[in-house]
Amino acid sequence: MMNDTAKRRRIKIGLLVSHLEDDFDDAVAEGAMIGAEQCDADLVIFPGRYIDGVYADKLRTVYEYQYNTLFDMAAANKFDVLLVLIGTLGTYLDNEHKVQFLKKFAGTPVITITAHIDGYPCIMLDNRTGMKEAIEHLIKVHGCKKIGMVSGPKTSDDALERLDVYKETLEENGIIYDEKRVAYGNFSKFCVDEVGKLIDDNPELEAIVFANDQMAIAGYKAMEERGIRPGKDILVTGFDDDPVAEELNPHLTTVKADPSELGYHAVQEAVNYVINKAINNDKISSGRISDDPEAFARRMSQFLFNKYSASETTAKMREVYVKIIYALDDYAREENLDNEVKKDKVLEMISTLASEEFFRF
């Protein structure tokens with residue numbers, strides 16, 4: 001509970017992200033804004049660029065580094081706590097240089113997001129659960145044994161953890177890990193050459209696991225250039241549930257990992273850190289691939305409410321939606337009712353839930 005002293009003063013939080021054209025960073029920022037509104041805190045967002053970034057379009061990005069002067073403003077202003085999305089803005093930094101970057105904020109409490117740095121509390125995604133289930137789905141449902149992976153940069157904690165899950169899951173299923181079946185991208189769609197080389201060096205691949213959805217875009221392009229049909233000639237999975245997953249043809253099978261939830265919980269933990277000098281280091285869970293009705297209902301409600309699934313009102317609406325999915329599943333399994341009766345009962349049930357619960361919010 002927030003004490004009276006804390007109530008009298010709004011907590012001031014700074015959020016440092018990479019460019020907001022990146023869907024991941026944009027979603028983190030949106031979730032953080034929802035969290036700040038609910039916590040009655042001030043939030044200032046500093047959208048810079050990658051630190052020491054390497055870009056495919058050299059001409060257009062030659063002056064990108066100038067955006068990072070915004071981070072100096074964050075250091076100069078007085079914030080109660082700074083949230084630093086070091087996992088993306090520090091994509092090209094090794095651990096030593098990440099530490100050097102964070103030192104500029106000495107005197108202000110810092111919480112890192114998506115990358116653990118010694119001495120700093122951190123909010124992380126659960127990279128393991130959903131990634132493991134996606135790979136096991138390829139093995140157990142589709143019978144794949146020759147599975148490649150496009151990992152992110154070796155400097156990224158998220159990329160390294162997802163790569164570890166790949167190795168462990170193969171081993172647990174009796175498949176020998178082959179380093180030649182792994183390529184390293186940059187978490188962007190500008191890694192077509194890396195994916196192409198992976199395919200050329202491993203023509204026997206039955207599936208490729210991408211450490212994020214943006215690199216899967218590069219994968220689709222590399223396959224198209226070689227006359228390979230993704231989803232048919234080579235199965236493909238991604239990670240992050242980026243909106244681009246629905247735009248690709250065929251649609252990309254991807255692991256739900258809601259970055260807006262990451263931003264939302266980061267702000268909550270920042271407020272908790274200021275008030276109680278403590279932080280909950282539990283990871284934000286990633287989604288799963290499952291045929292279970294409850295899991296399906298949860299995924300669908302997350303899809304519908306997307307970045308606003310964190311708000312209290314939307315959470316109540318989501319509960320109603322889950323009830324509807326359960327009811328639909330029950331009626332679908334009822335063999336003694338014909339389709340017209342089922343249709344009438346479903347409409348009646350939805351009408352009742354809408355009148356009794358939706359309009360209370």
Side-chain angles (χ1 to χ4, degrees), residues 18-19 21-25 27 49-58 60-61 64 85-95 98 114-115 125 127-128 130-131 134-135 138 146-167 169-170 177-203 205-226 228 230-231 234-245 247-248 252-255 257 259 286:
S18 185
H19 44 124
E21 300 92 274
D22 182 287
D23 288 330
F24 185 91
D25 290 58
R49 291 294 188 266
Y50 302 121
I51 306 298
D52 296 338
V54 178
Y55 298 90
D57 187 346
K58 303 292 185 184
R60 190 177 68 85
T61 59
E64 290 285 277
L85 190 52
I86 194 71
T88 54
L89 62 87
T91 293
Y92 296 97
L93 301 180
D94 59 24
N95 196 67
K98 287 176 183 174
T114 71
L125 279 170
N127 291 293
R128 307 192 69 83
M131 178 63 76
I135 297 170
L138 291 172
K146 300 169 185 176
I147 304 171
M149 180 170 189
V150 178
S151 177
K154 295 180 180 180
T155 53
S156 166
D157 287 356
D158 279 335
L160 293 176
E161 187 171 24
R162 293 170 198 179
L163 180 59
D164 284 342
V165 173
Y166 165 77
K167 295 177 181 178
T169 307
L170 293 184
Y177 167 71
D178 186 347
E179 188 174 355
K180 292 187 300 182
R181 290 178 176 169
V182 176
Y184 295 89
N186 57 5
F187 274 149
S188 82
K189 60 184 178 183
F190 301 109
C191 60
V192 177
D193 291 343
E194 289 84 348
V195 181
K197 187 176 187 306
L198 174 69
I199 295 171
D200 293 340
D201 292 346
N202 301 274
L205 288 180
E206 299 166 326
I208 300 178
V209 175
F210 288 85
N212 82 334
D213 295 341
Q214 285 292 315
M215 292 191 296
I217 299 175
Y220 273 54
K221 183 172 179 57
M223 291 180 199
E224 179 184 355
E225 292 174 350
R226 290 160 176 77
I228 296 172
I234 297 181
L235 298 180
V236 179
T237 65
F239 194 101
D240 283 343
D241 196 27
D242 193 303
V244 74
E247 299 172 7
L248 293 173
L252 176 66
T253 298
T254 182
V255 175
S286 59

If you round to the nearest 0.5 Å, how far is [atom2] of [Y] from [atom1] of [X]?
X	Y	atom1	atom2	answer
F210	T253	CZ	OG1	12.5 Å
L252	T237	CG	OG1	7.5 Å
Y50	T88	OH	OG1	7.0 Å
L235	I147	CG	CD1	9.0 Å
D25	L89	CG	CG	7.5 Å

If every non-hydrogen atom of [X] is compared with every non-hydrogen atom of [Y], which pair is closest and at what distance?
X	Y	answer
S151	A159	OG-O, 3.7 Å
L198	A183	CB-CB, 4.0 Å
L163	V182	CD1-CG1, 4.0 Å
Y184	G152	CD2-O, 3.5 Å
A207	I234	CA-CG2, 3.7 Å
A115	I86	CB-CG2, 3.4 Å

Within the 4.5 Å heavy-atom criterion, are [X] and [Y] side-chain neighbours or not?
X	Y	value
M149	I135	no
F24	N212	no
K146	R181	yes

Apply salt bridge (charged side-chain N to carboxylate O under 4.0 Å, His left out) to D201 and list each qualifying residue two or more places apart in sequence or on a separate chain.
K197
Please lay out, stage by stage, how V236 and L248 fare under the test side-chain contact (heavy atoms from CB on, under 4.5 Å).
CA-CA 11 Å; V236 179; L248 293 173; over 6 Å; no
Candidate pair M215 and V195, rule side-chain contact (heavy atoms from CB on, under 4.5 Å), full reasoning
CA-CA 9 Å; M215 292 191 296; V195 181; 5.8 Å; no
Between D240 (side chain) and D213 (backbone), is there a donor-acceptor pair under 3.5 Å?
no
More than 12 heavy atoms of other residues, nucleotides or ligands under 6.0 Å from CD of E224: yes or no?
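No.
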Take atom NZ in K98; do more than 12 heavy atoms of anything else shown fall under 6.0 Å from it?
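Result for NZ/K98: enclosed.
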Give a yes or no on whether a salt bridge exists between D200 and R226, defined as a side-chain N under 4.0 angstrom from a carboxylate O.
yes
Evaluate N186 against S188 for side chain to side chain donor-acceptor pair (under 3.5 Å), listing each step before the verdict.
CA-CA 5 Å; N186 57 5; S188 82; 2.7 Å; yes
For side-chain contact (heavy atoms from CB on, under 4.5 Å), just list the numbers for D158 and F239, CA-CA rounded to whole Å, side-chain angles, deciding distance to a tenth of an Å, and then say yes or no.
CA-CA 11 Å; D158 279 335; F239 194 101; over 6 Å; no
Under the side-chain contact (heavy atoms from CB on, under 4.5 Å) criterion, do T114 and L85 qualify, and how do the steps go?
CA-CA 7 Å; T114 71; L85 190 52; 3.8 Å; yes
